[in-house]
Amino acid sequence: MHLLDLLAERHIAEAQERGEFDSLPGAGAPLALEDDRLVPEDLRVAYRMLKNAGFVPPEIEAQCEIRKIEQLIEATKTGDERARLTARIRFLLDRSRISRRAASPHIESDYMAKLAQRLQRRGDSP
């Protein structure tokens, strides 16, 4: 064990003996751990810290924006605006694919095909 670990353990043990942890909120209750099995072990703490600070991974942020744009497309009447919004979705998907560097281009093309089908069913074109 490293020196810092030993010091930290000693300080924790002393605080426990003084009863400093006895009246903490949720004391005695099981921890509400999130399912982060898919996150690599060496990144879990960093991801949790970023999440607690209000940051989300860029991929999740892009997915949220795509969902909002989809709703705008559904509500949009003009073809020009729909085309602009569809181009924004393509941009977000491309940026996400580039950042992942290993994504299958079939996923994005399947998504765009399904989006186009939804619009065509309504009698609109993207």
Side-chain angles (χ1 to χ4, degrees):
M1 204 177 250
H2 297 290
L3 179 61
L4 289 177
D5 293 334
L6 291 171
L7 288 171
E9 290 292 328
R10 188 175 72 193
H11 285 286
I12 290 170
E14 290 171 0
Q16 277 180 315
E17 289 172 11
R18 289 189 302 269
E20 292 181 21
F21 300 132
D22 294 345
S23 61
L24 292 175
L31 294 175
L33 298 175
E34 296 179 18
D35 186 14
D36 57 1
R37 290 176 289 166
L38 299 177
V39 177
E41 231 178 282
D42 56 330
L43 296 177
R44 288 181 188 164
V45 172
Y47 276 25
R48 192 169 296 129
M49 288 173 63
L50 288 170
K51 182 181 175 191
N52 290 341
F55 292 96
V56 293
E59 299 85 18
I60 302 299
E61 206 170 273
Q63 287 176 4
C64 290
E65 187 175 347
I66 287 170
R67 299 301 167 253
K68 288 177 186 174
I69 293 172
E70 286 174 338
Q71 292 172 350
L72 288 173
I73 288 173
E74 290 289 326
T76 301
K77 302 287 185 211
T78 65
D80 290 341
E81 182 67 10
R82 202 172 282 117
R84 187 184 68 76
L85 292 169
T86 303
R88 176 69 181 162
I89 289 176
R90 282 193 181 105
F91 168 76
L92 292 168
L93 290 171
D94 286 344
R95 187 175 69 182
S96 178
R97 188 184 83 247
I98 290 168
S99 69
R100 287 190 310 242
R101 292 189 182 133
S104 168
H106 301 293
I107 294 171
E108 285 84 4
S109 63
D110 289 346
Y111 170 79
M112 292 307 293
K114 287 179 184 178
L115 181 61
Q117 284 177 342
R118 256 176 60 191
L119 292 172
Q120 286 174 352
R121 273 186 264 151
R122 290 184 42 209
D124 303 327
S125 61

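Bear in mind the structure is a predicted one, so any value in this text is a computation, not a measurement.
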Taking side-chain hydrogen bond (donor to acceptor under 3.5 Å, both in side chains) as the test, write out the residues that go with [X], two or more places apart.
X     : result
Lys68 : none
Arg18 : Glu20
Arg88 : Glu65

Using the test side chain to side chain contact (heavy atoms under 4.5 Å, CB included), find all partners of [X] that sit at least two apart in sequence or belong to another chain.
X     : result
Ala8  : none
Leu43 : Val39, Pro40, Tyr47
Glu41 : Arg44
Glu61 : Val56

Looking at [atom1] of [X] and [atom2] of [Y], how far apart are the two atoms once the value is rounded to the nearest 0.5 Å?
X     : Y     : atom1 : atom2 : answer
Glu9  : Ile12 : CD    : CD1   : 5.0 Å
Thr86 : Glu70 : OG1   : CD    : 10.0 Å
Arg10 : Leu6  : CZ    : CG    : 9.0 Å
Leu85 : Glu74 : CG    : CD    : 11.5 Å
Arg84 : Ile73 : CZ    : CD1   : 9.5 Å
Ile69 : Ile89 : CD1   : CD1   : 5.5 Å

Could you state whether Phe91 and Leu72 fall into the same hydrophobic cluster, counting links through intermediate Ile, Leu, Val, Met, Phe, Trp or Tyr residues with side-chain heavy atoms under 4.5 angstrom apart? yes
Using side-chain contact (heavy atoms from CB on, under 4.5 Å), reason through Asn52 and Arg48 one step at a time and then give a plain yes or no. CA-CA 6 Å; Asn52 290 341; Arg48 192 169 296 129; 3.9 Å; yes
